[in-house]
Number of protein chains: 2
Amino acid sequence: MKPLLESKIKIAIVEDDLEILDYIVSLLKADSNIEVVKTFEEYNTAFNTIPNLILDVVVVDINLPGQNGIELVKALKPKIPTIQFIMYTSLFDAETVFSALKAGATGYITKETQPDKLSDAIKDAFKGGAPMSSDIARKIVKSFHEFENKSTNVQLSKREKEIINMLSQGLRYKEIADKLFLSTETVRTHIRNIYDKLQVNSRTEALNKYF
Amino acid sequence: MKPLLESKIKIAIVEDDLEILDYIVSLLKADSNIEVVKTFEEYNTAFNTIPNLILDVVVVDINLPGQNGIELVKALKPKIPTIQFIMYTSLFDAETVFSALKAGATGYITKETQPDKLSDAIKDAFKGGAPMSSDIARKIVKSFHEFENKSTNVQLSKREKEIINMLSQGLRYKEIADKLFLSTETVRTHIRNIYDKLQVNSRTEALNKYF
DNA sequence: TTAAAATTACTACTAAAGTGGTATTGTGCT
DNA sequence: AGCACAATACCACTTTAGTAGTAATTTTAA
């Protein structure tokens with residue numbers, strides 16, 4: 001296979017299981033577009049060494065025993081924002097996925113995915129893509145939907161919607177009243193009705209329920 | 001190619017450009033796992049007919065002139081939640097992508113993607129995946145990051161993070177104090193410090209800034 | 001080993017927010 | 001015509017939230 005790029009994509013791998021590590025390294029070595037610069041078996045060394053290397057992509061196993069790959073990404077990403085991190089792991093509960101993305105990971109590939117897809121993922125991340133297993137993408141979309149539908153089925157009136165939107169901006173009753181040309185007391189009444197409908201009794205609760 | 005499934009995946013396509021429609025239909029007909037049950041050139045007919053068909057996946061072009069594919073999905077998805085919708089389009093600004101996902105679309109494929117990937121996407125959606133072009137996935141991840149980093153760069157201490165999380169649940173000072181075995185006055189002090197750091201002066205503003 | 005944060009806590013006060021009751025007017029639906 | 005509901009508004013009252021100043025103790029980082 002001829003290289004498609006002038007220079008190879010420089011990557012590092014953080015993986016404690018030597019068997020898996022050897023396996024993926026051998027897979028990636030077969031790809032002439034990728035150069036495995038260095039591998040790490042634990043986070044501390046990775047954390048101390050990676051900033052001194054020139055790298056495009058780092059593949060990180062999340063669940064090294066007793067350590068946390070997400071913390072590694074969180075610590076490294078702000079230091080070297082140009083590096084793309086791909087989480088490569090068997091853990092894929094929603095919490096973990098989001099923590100990883102939050103920490104700054106670009107891609108998230110489960111080990112269940114055919115391992116040879118990893119090199120595609122690396123190229124994808126390098127080109128600015130966000131490689132993700134389809135099950136991961138699913139989770140994100142699902143949580144997106146949940147996020148959008150967490151709202152209640154309660155119907156607020158037009159005025160009430162206006163007001164709850166203003167509440168969400170942290171405006172005071174007085175400020176809302178001024179913007180809508182209402183008396184503070186009217187705003188108060190609307191808010192009371194909103195709370196009644198949503199079955200809550202504070203602004204924050206209302207916002208949590210409604211949005 | 002032998003069918004991989006006992007029965008074919010039944011799909012419909014909504015696409016006004018007959019050239020593109022013919023093209024993708026011919027592509028999909030070559031796939032023995034997929035059966036194109038019906039095609040539509042405009043939304044109204046699609047809206048009225050689709051509920052009467054037995055379908056697994058519907059491929060929708062978002063930008064039919066003067067109409068809105070997202071509205072179609074929004075209207076149909078609640079009626080027939082078992083159908084998976086794949087948006088197939090050249091529009092892919094962040095707004096549109098999110099609106100589509102919000103409306104209930106499962107996948108989002110740009111026309112820039114190799115057209116033959118469409119059949120993969122259909123199978124993926126059918127199996128419960130969330131097919132997405134890598135550029136779309138990118139957008140989602142990016143907006144996720146933006147969402148997470150809309151937060152200030154301000155560093156809250158461990159205690160302060162605990163407390164702001166509780167604030168976000170709508171707990172009162174007294175309730176927070178009890179949960180953390182602190183005096184209400186201490187909670188009050190922490191919150192004052194949080195507000196100082198975030199440069200705000202109410203709970204809602206703090207939450208908006210931080211989350 | 002210092003200086004800087006973080007964590008704890010109190011007093012005293014003001015400003016908002018939330019609760020409860022009540023009432024008028026308008027609009028849409030039956 | 002009558003009912004339900006939305007929108008407006010006021011009074012009176014209690015509870016929380018937010019502001020300000022101060023300070024002791026502990027942790028953490030330079």
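Small disclaimer: the values here were computed from a predicted structure and weren't measured.
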Between B:R192 and A:V200, which is nearer to the 5' end of DNA chain C once each is assigned its nearest nucleotide? B:R192
On a heavy-atom basis, which atom in A:I83 and which in A:I50 lie closest, and how many Å separate them? CD1-CG2, 4.0 Å
Starting from C1' on D:dG18, measure out to NZ on B:K174 and report it in whole angstrom. 19 Å
Could you tell me whether the phosphate oxygens of C:dA6, OP1 or OP2, come under 4.0 Å of any side-chain nitrogen or oxygen in B:K197? yes
Can you tell which of D:dA9, C:dT19, D:dA7 lies closest to the side chain of A:T189? D:dA9
Looking only at the side chain of B:R159 (C-beta and beyond, no hydrogens), which of the listed nucleotides C:dT7, C:dA16, C:dT11 gets closest? C:dT7
Between D:dT15 (P) and A:R188 (CZ): distance, integer Å: 16 Å
Interatomic distance, B:F181 CZ vs C:dA9 P [rounded to whole Å]: 12 Å
Could you tell me whether the side chain of A:E162 and the main chain of A:N165 form a donor-acceptor pair under 3.5 Å? no
Give the nucleotide from the list D:dA7, D:dA17, D:dA6 with an atom nearest to the side chain of B:Y173. D:dA17
Shortest non-hydrogen contact from B:P51 to B:A46? CD-O, 4.1 Å
Candidate nucleotides D:dT8, D:dT19, C:dG18, ranked by approach to the side chain of A:Y195 - the nearest: C:dG18
Distance, rounded to the nearest Å, where B:I191 contributes CD1 and C:dA6 contributes C1': 16 Å
Spatial distance of atom CG (B:D61) from atom CD1 (B:I20) [nearest 0.5 Å]: 6.5 Å
Does the side chain of A:S183 get closer than 4.0 angstrom to OP1 or OP2 of D:dC10 through an N or O atom? yes
Between D:dT14 (C1') and B:R172 (CZ): distance, integer Å: 12 Å
Looking only at the side chain of B:N193 (C-beta and beyond, no hydrogens), which of the listed nucleotides C:dC10, C:dT7, D:dC10 gets closest? C:dT7
Euclidean distance, atom CD of residue B:E185 to atom P of D:dA23 [Å, nearest integer]: 17 Å
Would you mind reading off the distance between A:Q199 atom CD and C:dT19 atom P, rounded to a whole angstrom? 12 Å
Using a cut-off of strictly less than 4.0 Å, decide whether B:T186 has a side-chain nitrogen or oxygen near OP1 or OP2 of C:dT8. no
The side chain of A:L182 lies closest to which of these nucleotides: D:dT8, D:dT19, C:dT8? D:dT8
For A:T189 and A:T186, does a side-chain donor sit closer than 3.5 Å to a side-chain acceptor? no
Would you tell me if any nitrogen or oxygen in the side chain of A:H190 comes within less than 4.0 Å of OP1 or OP2 on D:dT8? yes
Starting the side chain at C-beta, find the nucleotide from C:dT7, D:dA9, D:dG18 nearest to B:S202. D:dG18
Main chain of B:L198, side chain of B:K209: is a donor-acceptor contact present, judged purely on distance under 3.5 Å? yes
Between C:dG18, D:dA6, C:dC10, spot the one nearest the side chain of A:R203, thanks. C:dG18
Answer yes or no: does a side-chain N or O of B:K161 lie under 4.0 Å from OP1 or OP2 of C:dT7? no
Mind calculating the distance between CG (B:D178) and P (C:dT8) to the nearest angstrom? 14 Å
